[in-house]
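Read the structure below first, then the notes.
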Amino acid sequence: MADSTQLGDDRGDIVVIGGCGHVGLPLGIAFADRGCRVTLLDVSQAAVDMVNRAELPFNEPGAHDMLKRAVCDGRLVATTDATAVSRAATIVVVIGTPVDEHLNPDPGAITRAISANLSHFRDGQLIVLRSTIYPGVTRKIEQLFAENGLDVEVAFCPERIAEGRAMLELFSLPQIVSARTQRGRSRAAELFSALTDSVVELRPEEAELAKLFTNTWRYIKFAAANQFYMIANDFGLDFERIRTALTHDYPRASDLPAAGFAAGPCLFKDAMQLAAFDKNDFVLGHSAMLVNEGLPLYIVDRLERRYDLSAMTIGILGMAFKSESDDIRSSLSYKLKKILEFKAKRVLCTDPHVTVDPNLVPLETVLAEADLLVVGAPHAAYHELRPSQPVADVWNVFGAGVVV
Ligand SMILES: NC(=O)c1ccc[n+]([C@@H]2O[C@H](COP(=O)([O-])OP(=O)(O)OC[C@H]3O[C@@H](n4cnc5c(N)ncnc54)[C@H](O)[C@@H]3O)[C@@H](O)[C@H]2O)c1
């Protein structure tokens with residue numbers, strides 16, 4: 001067994017497994033910014049190469065300058081070489097945990113990633129699970145290390161940032177910290193005290209549910225707004241006018257969100273992880289999924305009542321899953337596109353931020369050639385537009401009164 005006294009301190013030498021992803025990279029940059037030595041371990045050679053050139057593989061406001069400083073100062077390096085694990089005091093695991101095409105979670109994802117590198121782990125290390133995990137995974141990982149004779153502390157410390165706000169929220173949100181032992185919790189709390197003053201301790205199973213509840217709560221709130229939107233719209237009324245009025249100086253309703261596509265890499269899949277954990281008996285979660293995932297179908301249905309789509313070119317403005325993002329993972333704009341491609345003569349898609357889709361066309365082409373527009377993501381760039389064609393505008397980008 002390796003000598004744990006050779007390890008650095010918890011806040012000194014950190015390896016982030018999955019370190020070039022949407023969560024791992026901002027986290028690694030944040031730790032490096034606070035003086036830690038960070039190695040980002042990732043299976044994507046392309047992402048590793050970009051990070052080592054101080055380039056971001058995706059857009060995250062505020063991250064680029066901090067990345068450049070950290071790479072230049074030698075405090076942050078990316079690698080595909082798993083031997084880096086053996087030199088770190090702290091290993092953070094933040095690989096993706098998606099659900100599959102049948103909405104099943106993959107409770108083995110973290111176990112497989114750690115097992116593949118098991119020979120590099122050493123006694124005395126702090127292992128921080130940061131992915132959003134299926135309840136019970138923390139215990140599985142504890143057992144994995146114990147069965148392999150490794151004396152490590154396992155902590156589950158969920159990430160709760162929103163993409164696009166990472167470099168603010170990593171330094172301001174309270175950090176939920178959990179571990180089986182007080183020593184594990186204290187080490188994890190000490191680690192995250194480099195980033196935030198506010199640490200909340202839970203037991204691992206409580207923390208696993210806390211993270212799933214956080215995302216599912218948000219998903220259900222969006223579903224309520226979207227259902228209200230459909231009710232108002234079917235009655236010929238403008239939901240946003242109603243929402244603005246009912247939330248005005250009325251704190252008990254101030255958290256009613258606007259309507260819009262609610263999807264992306266986290267909310268949908270975490271609601272489905274929780275549903276699977278609840279033996280598929282999660283009525284509220286499944287209902288939220290049906291409402292949110294049904295919104296593109298609702299819009300197309302409403303359009304079909306008014307227009308002969310088969311004779312029309314439809315333009316979709318915004319393909320990312322949310323405003324100002326370049327992330328198209330689980331974006332409902334693509335579901336909308338698929339439905340419209342079946343119904344309409346032609347579909348043209350545009351997005352000022354998305355770079356990974358070669359089928360996108362410039363905004364000018366969409367505005368010149370589309371007979372009808374649908375807003376997919378409410379990017380700021382669209383707010384000043386005054387399109388001449390009709391717009392299906394669930395996001396209310398073009399102001400009150402524009403309903404499907
Ligand atoms: N995206 C968000 O805003 C957000 C917010 C909070 C929590 N989360 C959670 O964080 C986790 C990661 O999400 P993400 O959006 O960063 O995913 P991602 O796909 O952007 O990043 C995962 C990274 O892990 C790498 N990877 C995959 N398998 C690996 C392995 N075996 N070894 C090393 N690297 C590996 C991938 O190449 C990728 O770079 C998920 O559990 C997610 O639910 C995400």
Side-chain angles (χ1 to χ4, degrees), residues 15-30 39-52 55-61 63 78-85 88 91-99 105-118 120-121 127-135 137-138 141 156-170 173 175-176 207-208 210-219 262-274 320-331 356:
V15 163
V16 184
I17 300 181
C20 294
H22 289 80
V23 168
L25 182 54
L27 181 71
I29 292 171
T39 302
L40 306 173
L41 173 62
D42 205 289
V43 290
S44 167
Q45 186 67 58
V48 163
D49 291 344
M50 284 186 83
V51 170
N52 284 332
E55 294 169 17
L56 288 171
F58 46 82
N59 188 24
E60 185 59 55
T79 183
T80 57
D81 178 7
T83 60
V85 168
I91 294 92
V92 180
V93 185
V94 66
I95 63 162
T97 50
V99 292
D106 179 4
I110 308 292
T111 310
R112 284 196 302 279
I114 291 179
S115 296
N117 301 310
L118 203 58
H120 304 300
F121 285 88
I127 319 297
V128 176
L129 309 180
R130 193 144 178 92
S131 301
T132 306
I133 54 179
Y134 188 76
V137 166
T138 307
I141 299 302
F156 172 59
C157 307
E159 179 62 82
R160 294 194 296 166
I161 54 126
E163 271 182 49
R165 301 183 52 81
M167 302 325 298
L168 296 173
E169 293 187 348
L170 277 164
L173 289 182
Q175 178 60 53
I176 291 176
E208 290 173 341
K211 172 61 197 185
L212 289 179
F213 287 170
T214 302
N215 278 4
T216 305
W217 172 233
R218 201 162 153 70
Y219 192 60
C266 289
L267 300 188
F268 166 80
K269 67 101 175 164
D270 289 339
M272 294 303 99
Q273 290 211 88
L274 189 56
F321 84 90
K322 68 174 180 179
S323 161
E324 311 318 307
S325 171
D326 62 354
D327 193 346
I328 60 170
R329 292 178 296 169
S330 301
S331 167
V356 293

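Ligands are counted one by one from 1 in listed order, and the atoms in each one are counted from 1 as well. None of these values were measured; they are calculated from a predicted model.
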Checklist entry - Who are the residue neighbours of ligand 1 when the rule is a heavy atom under 4.0 Å from any of its atoms? => result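 Within the 4.0 Å shell of ligand 1, which is judged on heavy atoms, sit Ile17, Gly18, Cys20, Gly21, His22, Val23, Leu41, Asp42, Val43, Ser44, Val94, Ile95, Gly96, Thr97, Ala113, Ser131, Thr132, Glu159, Ile161, Glu163, Lys211, Cys266, Lys269, Arg329.
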Checklist entry - What is the ring orientation for Phe268 with Tyr219, classed by angle as parallel under 30°, tilted 30 to 60°, or perpendicular over 60°? => result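 Plane angle over 60°, so perpendicular.
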Checklist entry - Which of these passes side chain to side chain contact (heavy atoms under 4.5 Å, CB included) with Ile95: Ile110, Val43, Asp42, Ile114? => result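 Single side chain to side chain contact (heavy atoms under 4.5 Å, CB included) partner of Ile95 among Ile110, Val43, Asp42, Ile114: Ile110.
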Item to check | side chain to side chain contact (heavy atoms under 4.5 Å, CB included) between Glu163 and Lys322, intermediate numbers included | outcome: CA-CA 9 Å; Glu163 271 182 49; Lys322 68 174 180 179; 4.1 Å; yes
Checklist entry - So does Arg218 have more than 12 non-hydrogen atoms from other groups sitting under 6.0 Å from CZ? => result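 No, because the 6.0 Å sphere around CZ of Arg218 holds 12 heavy atoms or fewer from other groups.
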Checklist entry - Just how far is it from atom CZ of Arg329 to atom NE2 of His22, taken to the nearest 0.5 Å? => result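 It comes to 4.5 Å.
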Next on the checklist: Can you list everything that forms a side-chain hydrogen bond (donor to acceptor under 3.5 Å, both in side chains) with Thr39? Sequence neighbours excluded, please.
Outcome noted: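 Checked Thr39 against side-chain hydrogen bond (donor to acceptor under 3.5 Å, both in side chains); zero matches.
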